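I have placed the structure first, in the form of structure tokens, so that the comments after it can refer back to it.
It should be emphasised that the depicted structure is a prediction, and the values quoted were computed from it without experimental measurement.
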Amino acid sequence: MFSCSPNSEHAPAADVSEIDKKVDSLLALMSVDEKIGQMTQLTLDMVCYGEPYALSEPHTIDTAKLDVVINQLHVGSILNCGGHSYPREKWLDMIGDIQRKASKTRLGIPILYGIDAIHGVTYTDSSTLFPQQIALAATWDTALVRQLAEMSAYEVRASGIRWNFSPVLDIARDPRWPRFWETFGEDVKLASDFGEAMVQGYQGDAIGDAHVAACLKHFMGYSVTLSGKDRTQAWIAERQLREYFLPTFERAMDAGAMSIMINSGEINGIPVHVNKNILTDLLRNELGFEGVAVTDWEDIKYLVTRHRVAATYKDAIEMSLAAGIDMSMVPVDLEFPVLLKQLVLEGRVTEERLDLSVRRILKMKYKLGLFETGVPTIADYPKFGSEEHHALALKAAHESIVLLKNDNLLPLSEGAKILVIGDGANSLNILNGGWTRTWQGADPQYNTPDRATVYEALQQHSDNVQWITEQEFLSMRMTQKYDCIVAVISESTYTEKPGDIEDLSIPLQSARVIDKLDYLQLPSLVLLIEGRPRVLPASIEKINSVMLAMLPGDFGGEAIADIVFGKFNPCGKLPFTYPRHASSHTTYDHKYTDRIDTDFSQNAFDPLYTFGSGLAYTTFAYSGLQIERNELGMDDTLRVDVEVSNTGNRAGAEVVQLYVSDSVATITPSVKRLRGYRRIEMAEGSQQQVRFDIPVRELAFVGQDLKWVLEPGKFSVQIDTLVIPFTVR
Ligand code: GLC
């Protein structure tokens with residue numbers, strides 16, 4: 001288990017009923033203005049010198065602005081950085097100023113500060129940056145992800161912050177979507193397991209002083225817009241919403257998540273921020289979630305200016321509160337509290353409605369210890385950016401890299417002669433992606449010092465590494481021989497709307513590089529560094545080796561080089577289906593009708609690389625698949641055993657994956673669904689028995705009545721290529 005700071009012996013979980021009493025007595029003292037202030041969240045820009053999005057450097061708290069925000073508007077929450085990362089000292093100073101100002105107010109309610117620390121505390125300089133979520137999912141290692149979340153929480157707290165807008169629990173079903181890489185991939189079970197692990201890591205069993213509040217996002221149905229573009233319209237039937245897009249949130253809520261952030265988009269013509277069915281009937285009444293529901297960025301105002309479901313900002317506030325919002329991430333105007341006060345005075349919003357949200361917000365602040373402990377000092381968190389943290393981030397980067405193809409090229413010998421092609425080969429930014437030191441992650445001036453790019457890391461293993469651009473490669477005659485040509489095909493960094501694309505294919509010039517490598521039959525590795533699976537030219541099938549690094553973080557260059565030179569045996573597995581064609585994408589859990597093209601000798605489900613695939617520098621074989629009983633009742637457990645052998649000449653890790661197929665059902669069944677997996681380390685030449693116990697109930701689906709249902713019938717279980725039928729009666 002990851003060790004925390006010395007004085008973080010888990011403070012005993014404050015007795016919840018104790019907290020309720022404190023909340024009730026505090027609430028009873030609060031004015032309407034103070035209650036409205038607690039529901040108001042502003043970005044840091046609003047209390048600094050300069051204009052929002054264009055602060056004067058160095059970013060400094062403007063005490064006059066802070067006075068208005070805290071003393072006049074009683075604002076209870078502040079988020080974000082002012083556009084780029086800061087040293088930890090600066091964070092502690094600024095948040096110290098803010099909390100001191102808050103402590104001097106009539107009731108002294110502390111400020112709840114929130115940040116996007118989605119792969120480490122990215123807005124604090126020199127913090128430990130580990131892989132983005134999609135790369136974490138490629139590890140299939142939930143225990144590791146819990147440790148990473150613990151480490152991240154420690155470094156967030158070391159920055160004086162206690163609320164992390166993470167994890168993303170959207171399911172990535174459309175590779176065009178620019179936030180694909182912020183998710184745990186396309187599978188519901190895998191993403192649910194990782195989301196639970198991350199929440200447990202952030203929040204612990206009880207909030208100590210090395211834990212933060214998690215924030216589940218973006219609730220819900222955010223990732224499958226018709227256009228594949230961020231924040232555009234989605235058409236999702238409730239049955240699919242419940243079967244594919246709700247489970248990750250439910251699991252994370254069951255893990256105790258303290259807050260949730262709402263999807264900025266619309267589903268079936270209704271912006272989620274005004275959808276009472278989702279925000280109250282489902283979230284509160286059906287799921288019983290008691291945490292804080294915070295809007296996404298400016299989303300109440302966007303009901304007027306984007307969605308056009310409200311004529312005025314005031315109407316939008318009334319509509320979103322009626323739907324179930326607790327806190328508005330305003331975050332760049334001072335009107336929200338003023339307009340909400342008017343709504344209360346006009347009787348359009350009752351004080352009881354305010355109390356409902358303020359109670360949740362105060363409860364969260366008490367649970368986070370904000371009333372008990374103040375802003376830490378640098379000395380309180382000695383492991384911030386420590387070697388121990390770096391080692392964990394490097395481990396995650398190693399495990400996240402997926403070797404998709406390897407025709408006898410890798411690993412290379414130390415000292416090999418290498419030609420590296422592509423701008424991304426010498427960029428730390430493309431290894432981290434968005435939400436890194438800046439929102440879009442593009443500005444190298446804030447990069448962590450002394451982290452190796454791919455090119456620099458390869459040079460640690462060979463003095464014979466040359467780096468050229470794509471244009472130079474395309475225009476040059478190959479006069480020298482190389483042991484390996486590494487073509488780095490990378491995406492620029494992006495998140496949200498700036499990451500929207502018109503074509504999933506890689507740029508033409510990069511495709512030409514791959515074509516030329518094929519044409520010249522050069523010993524080549526295509527190294528993909530990308531946030532989503534970009535489509536490649538057909539010539540990729542002729543390339544010796546293909547490796548995928550989905551934003552592996554600050555230690556990604558080192559991890560890639562370790563794998564290229566065989567210091568680490570790759571073990572990543574795809575957490576999504578890699579498409580072969582830009583306009584033909586189907587996920588692994590597709591339906592049988594996705595395969596009938598073969599009836600007309602056309603390609604049906606024909607991805608470039610399949611979900612769950614990934615190679616190693618050793619091989620594994622499966623045998624002896626057996627099930628304890630091949631006739632099971634609804635409340636039984638499906639017990640499956642299989643033998644795995646490491647048939648190669650070096651130790652390695654394998655992810656044993658168990659899929660179940662339902663042969664007939666009243667809802668068209670998927671061809672298969674992941675129902676279990678186990679990551680195992682295996683010595684050279686070893687065998688291991690692996691056992692799965694799958695509750696039969698977990699094979700259920702959401703039926704026509706929108707309830708989870710399991711129907712008797714014929715099923716089959718599959719591990720690798722081994723298949724055994726069984727019956728549920
Ligand atoms: C952004 C994102 C959300 C993030 C929030 C605060 O618009 O959609 O993921 O947590 O604003 O930065």
Mind checking the CZ-CG spacing from Phe611 to Leu674? Nearest 0.5 Å is all I need.
5.0 Å
Verify whether one side chain among Asn649 and Tyr617 offers a donor that lies under 3.5 Å from an acceptor in the other.
no
Exercise: do Tyr446 and Asp125 side chains pair donor with acceptor under 3.5 Å
no
Reported CG-to-CD distance for the pair Leu169 and Glu182, which is rounded to 0.5 angstrom
12.0 Å
Leu551: partners by side-chain contact (heavy atoms from CB on, under 4.5 Å), with sequence neighbours left out:
Gln132, Trp181
Which atom names give the shortest non-hydrogen contact between Glu155 and Gly385, and what distance separates them?
OE2-N, 2.8 Å
For Tyr592, all residues meeting side-chain contact (heavy atoms from CB on, under 4.5 Å), sequence neighbours excluded
Ser661, Pro669, Val671
Pairs involving residues 500-536, ordered by first then second residue, that meet ring pair (Phe, Tyr, Trp, His ring centres under 6.0 Å) (sequence neighbours left out):
none
Hits for side-chain hydrogen bond (donor to acceptor under 3.5 Å, both in side chains) against Lys417, two or more places apart or cross-chain, chain-then-number order -> Gln480
Any side-chain donor paired with an acceptor under 3.5 Å for Thr248 and Ser192?
no
So, Thr436 and Thr122: side-chain donor and acceptor under 3.5 Å apart, yes or no?
no
Ala234: partners by side-chain contact (heavy atoms from CB on, under 4.5 Å), with sequence neighbours left out
Ile236
Test Asp174 against His585 for side-chain hydrogen bond (donor to acceptor under 3.5 Å, both in side chains), laying out the working first.
CA-CA 8 Å; Asp174 184 338; His585 179 64; over 6 Å; no
Pair Phe576 + Phe180: ring centers closer than 6.0 Å:
yes
Within the supplied structure, the quantity of interest is the number of heavy atoms (other residues, nucleotides, ligands) at a distance under 6.0 Å from Glu472 CD; does it exceed 12?
yes
Not counting sequence neighbours, which residues clear salt bridge (Lys or Arg N to Asp or Glu O under 4.0 Å) with Glu681? List them please.
Arg679
Mind running side-chain hydrogen bond (donor to acceptor under 3.5 Å, both in side chains) on Thr493 and Asn429 for me, showing each step along the way?
CA-CA 7 Å; Thr493 66; Asn429 298 74; 5.9 Å; no
Mind checking whether Arg512 and Glu470 have side chains closer than 4.5 Å, heavy atoms only?
no
Pair His218, Arg179 - check side-chain contact (heavy atoms from CB on, under 4.5 Å), show working.
CA-CA 11 Å; His218 305 77; Arg179 307 191 75 174; 3.3 Å; yes
Donor-acceptor pairs are to be reported for all side-chain atoms of residues 520-536 against protein atoms at under 3.5 Å, with residues two or more places apart or in another chain.
| unit_1 | atom_1 | unit_2 | atom_2 | d |
| --- | --- | --- | --- | --- |
| Gln521 | NE2 | Asp518 | O | 2.8 |
| Gln521 | NE2 | Asp518 | OD1 | 3.3 |
| Ser524 | OG | Leu522 | O | 2.7 |
| Glu530 | OE1 | Arg534 | N | 3.4 |
| Glu530 | OE2 | Tyr578 | OH | 2.7 |
| Arg532 | NE | Glu491 | OE2 | 2.8 |
| Arg532 | NE | Tyr494 | OH | 3.0 |
| Arg532 | NH1 | Arg176 | O | 2.9 |
| Arg532 | NH1 | Gly499 | O | 2.8 |
| Arg532 | NH2 | Glu491 | OE2 | 3.4 |
| Arg532 | NH2 | Gly499 | O | 2.9 |
| Arg534 | NE | Leu504 | O | 3.0 |
| Arg534 | NH1 | Glu491 | OE2 | 2.4 |
| Arg534 | NH2 | Asp503 | O | 3.0 |
| Arg534 | NH2 | Ser505 | O | 3.3 |

Qualifying residue for salt bridge (Lys or Arg N to Asp or Glu O under 4.0 Å) with Asp589, from Lys189, Arg173, Lys672:
Arg173
Applying side-chain contact (heavy atoms from CB on, under 4.5 Å) to Gln445 and not counting sequence neighbours gives Asp443
Give every residue pair that meets the side-chain hydrogen bond (donor to acceptor under 3.5 Å, both in side chains) criterion with at least one member in residues 542-552, sequence neighbours excluded.
Asn406-Ser545
Are side-chain N/O atoms of Ser686 and Asn646 paired as donor and acceptor at under 3.5 Å?
no
So which atom in Leu428 and which in Ala452 form the shortest heavy-atom distance, rounded to 0.1 Å?
CD1-O, 4.0 Å
According to ring pair (Phe, Tyr, Trp, His ring centres under 6.0 Å), does anything in residues 391-434 pair up with another residue at least two apart or in another chain? List the pairs.
His398-Phe568
Could I get the full list of salt bridge (Lys or Arg N to Asp or Glu O under 4.0 Å) partners for Glu186, not counting sequence neighbours?
none
For Asp641, all residues meeting side-chain hydrogen bond (donor to acceptor under 3.5 Å, both in side chains), sequence neighbours excluded:
Arg691
Stepwise ring pair (Phe, Tyr, Trp, His ring centres under 6.0 Å) test for Tyr222 and Phe245
CA-CA 9 Å; Tyr222 177 43; Phe245 301 103; over 10 Å; no
